[in-house]
2 protein chains.
Amino acid sequence: MVSTRPGERVTMEHVAARAGVSRALVSIVFRGVAGASEATRERVLAAARELDYRPDTRASRLGSSRTRTLGVAFSVGHAFHGDLLESLYTHADGAGYELVLSGVTPSRSEEAAVETLLAERCEGIVLLGSSQGAGRIESLAARVPVVSVLRPVPGGGVGVVRTDDAAGLRLSVEHLRGLGHRRIALLDGGRTAGAAERRRGYRTAMRRSPALTEMVLPGGVSELEGADAARSFLALGARGRPTAVAAFNDRCAIGFVDVVRQAGLRVPRDVSVVGFDDITEAGYPHVSLTTVHQDAERLGSETVRTLADRLDRGPAGPASPPPVVVEPVVVEPSLVVRASTAPPASRGASS
Amino acid sequence: MVSTRPGERVTMEHVAARAGVSRALVSIVFRGVAGASEATRERVLAAARELDYRPDTRASRLGSSRTRTLGVAFSVGHAFHGDLLESLYTHADGAGYELVLSGVTPSRSEEAAVETLLAERCEGIVLLGSSQGAGRIESLAARVPVVSVLRPVPGGGVGVVRTDDAAGLRLSVEHLRGLGHRRIALLDGGRTAGAAERRRGYRTAMRRSPALTEMVLPGGVSELEGADAARSFLALGARGRPTAVAAFNDRCAIGFVDVVRQAGLRVPRDVSVVGFDDITEAGYPHVSLTTVHQDAERLGSETVRTLADRLDRGPAGPASPPPVVVEPVVVEPSLVVRASTAPPASRGASS
DNA sequence: AGATGTGACTAGAGCGCTCTAGTAGTGAGA
DNA sequence: TCTCACTACTAGAGCGCTCTAGTCACATCT
């Protein structure tokens, strides 16, 4: 007889005893596989409910050959990573996987985060906006399937799911050109993931039309760098300034707009600004930033699909798997037009 | 003989064989406990390194009577939760615990998040800014030690670690009164965790001095609500407006400032604004928001201390533990004075 | 010499599940 | 009546660790 004194942990054994069946049957019921009659199934679930039993995930993962978990290394407090996680949770669930999160903070490196995911024996690993060197990511990918989200890794050994950054900036530039702008500056993102691609997209779009004048303002990832860039923009003087700015991301754009407005200029009358990402804030009425929308939902679903395809296919057994080359998945961005862009004011005209 | 063909998972057994010792000894070395000579310890670690072995956390937690894990339910993408997580990671590590994260998203409820933490058999649970009813939190706390961070839960059954919200708003009001303001409005937080306390602090501080005029602007948690509040503020007309605003939080304050500036008013000349939280953005030069600093570092350390004290004390055995009543831990906030506050302009004077 | 420690190490029984192989029991087909 | 297939269920051997209860060799004290 199995006792169930309060305070003692309740296991499958207890549920089995209470329902009058074997442990194995309880396992069958909780895994939701065939092999139990409807009546028994309900009797087991009732017993479990009465005992407030829930299966121990540590034990079930240990017992089974598959852990069916995907590890995610993400930056805590990063708004867009939050959007991605939401999507990852949904689609992992749909594909029958669980997510194990590992946070990256200023004092907890991405390497450390990945280390705990490996120790949990996650079957696949998702890196959100990784800042590790390509070499490190590749050697990780040699051990376990990896998808790098937002951050391209060349070579094909690493799964990549990202937005078409270059296309995004082309959208920005074309929108501004369509409004009549000629002097369009890039508010650059420096060395951040995706920044090089966006720079390339900007250049390509600008060179398509000989009437356009290129100009790059050093920027960065946050409002802070956007604000700094605004100060150099202002220092150019009214005649030297571009009439429009295509920013590396929304936060940077928002910082830029803030400072420019504080200096007495008006957006979009005096300068048009386009962001990138479409973070929640960009849609607030008082911000109303025209921006390039990154599809977090889609990025998440493609990430899970890539990993699940690979994991569910191969037996993943001792037979050395063929050197898999994964095609990068590129998600098309779209332009969301709001109130931060307008045709350029004719020089000298006011109001 | 234990083979180590590539592709096969490497276990303690393999490391033991390679180092020429027993499994138990490898376990001793990896747990860092006494019982192995220095020479053997190094031999084992070398063998592990060569095999790229890392202990399986699922198995070690299963094998040991303690899991030494703390579960954290947090909102993904929430900046201040990010700061708290950073601190929690650091202090949990220091106390010998590991963190298991479970994200709350619009489509993944806090209840679901907690459910997975229980299934992982976390020894203690941390809720960041919980939005569950007090009843649910209490019944959870009856099962496992719980600390609710930022969100007070009366009764003493649930551990609470929070900022002294009332004191924070008193700091705001006193700072503004000291600058000479008399008409000080509260930019309210509605039903959010902590909002009621802050409202109370505001009222207390205002009533201390008969010269002060109370005024409450309905607000909320984000820039959006701050912006809305700014519009009702502007609608009051120049003579009816308060000269200063104490906001429920920084994001709300930032939205307020944005709209007020776009309407042509100047901050702090026309209206002083104080925030709450001291999020990173508040410190950016172009924002430079005077605010009440919440000590994320301290909130995190107290949370871990509360839980670790309780877990490391009791044998947690079948002997029913005494009904523990936990004193709430209240962390004092501090005022950070920046450039969004100044003495009120004398009516009618323009600078 | 014998008793007594002590440090280094091992055997082996769990931990709470999963999952393969196998045992009833039932009804249908020959 | 005897297969045969099929459903409902169980026994029991893992999964990769932890941890108690040892064993063994060697030094220390009387």
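Labels below follow one simple rule: chain letters A, B, ... track the order of the sequence lines, proteins then strands, and each chain is numbered from 1.
- When the side-chain nitrogen and oxygen atoms of A/R61 are compared with OP1 and OP2 of C/dC17, none of them lie within a distance under 4.0 Å.
- Applying the ring pair (Phe, Tyr, Trp, His ring centres under 6.0 Å) criterion to A/H78, with sequence neighbours excluded, gives A/H81.
- Sequence neighbours left out, not one pair with a member in residues 112-162 of chain B passes ring pair (Phe, Tyr, Trp, His ring centres under 6.0 Å).
- Axis angle across the helix from C/dA1-D/dT30 to C/dA30-D/dT1, with five pairs used at each end and values rounded to 10°: 50°.
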Between protein and nucleic acid, restricted to nucleotides 22-24 of chain C and to nitrogen or oxygen atoms under 3.5 Å apart, what atom pairs and distances do you find?
none

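- Annotation: ring pair (Phe, Tyr, Trp, His ring centres under 6.0 Å) contacts involving residues 103-142 of chain B, sequence neighbours excluded, are absent.
- Within the structure, ring pair (Phe, Tyr, Trp, His ring centres under 6.0 Å) pairs that include any residue of residues 30-60 of chain A comprise A/F30-A/Y53 (at least two apart or interchain).
- No hydrogens or angles considered: nothing links the side chains of B/R143 and B/S139 as a donor-acceptor pair under 3.5 Å.
- Listed by first and then second residue, the salt bridge (charged side-chain N to carboxylate O under 4.0 Å, His left out) pairs involving residues 297-306 of chain A are A/R298-A/E302, A/E302-A/R305, A/R305-A/D309 (not counting sequence neighbours).
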Expected rows: protein N/O vs nucleotides 12-14 of chain C N/O, under 3.5 Å:
residue : atom : partner : partner atom : Å
C/dA13  : N6   : B/R23   : NH2          : 3.4

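- Legend: ring pair (Phe, Tyr, Trp, His ring centres under 6.0 Å) pairs involving residues 137-160 of chain A, not counting sequence neighbours: none detected.
- Contact check of residues 30-44 of chain A against DNA chain D (heavy atom, cut-off under 4.0 Å) returns A/G35, A/A36, A/S37, A/T40.
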Atom pairs, protein N/O to nucleotides 23-25 of chain D N/O, distance under 3.5 Å:
none

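- Only at 4.0 angstrom or more do the heavy atoms of residues 111-119 of chain A sit from any atom of DNA chain C, so none qualifies.
- Side chains of B/E123 and B/T69: no donor on one and acceptor on the other come within 3.5 Å.
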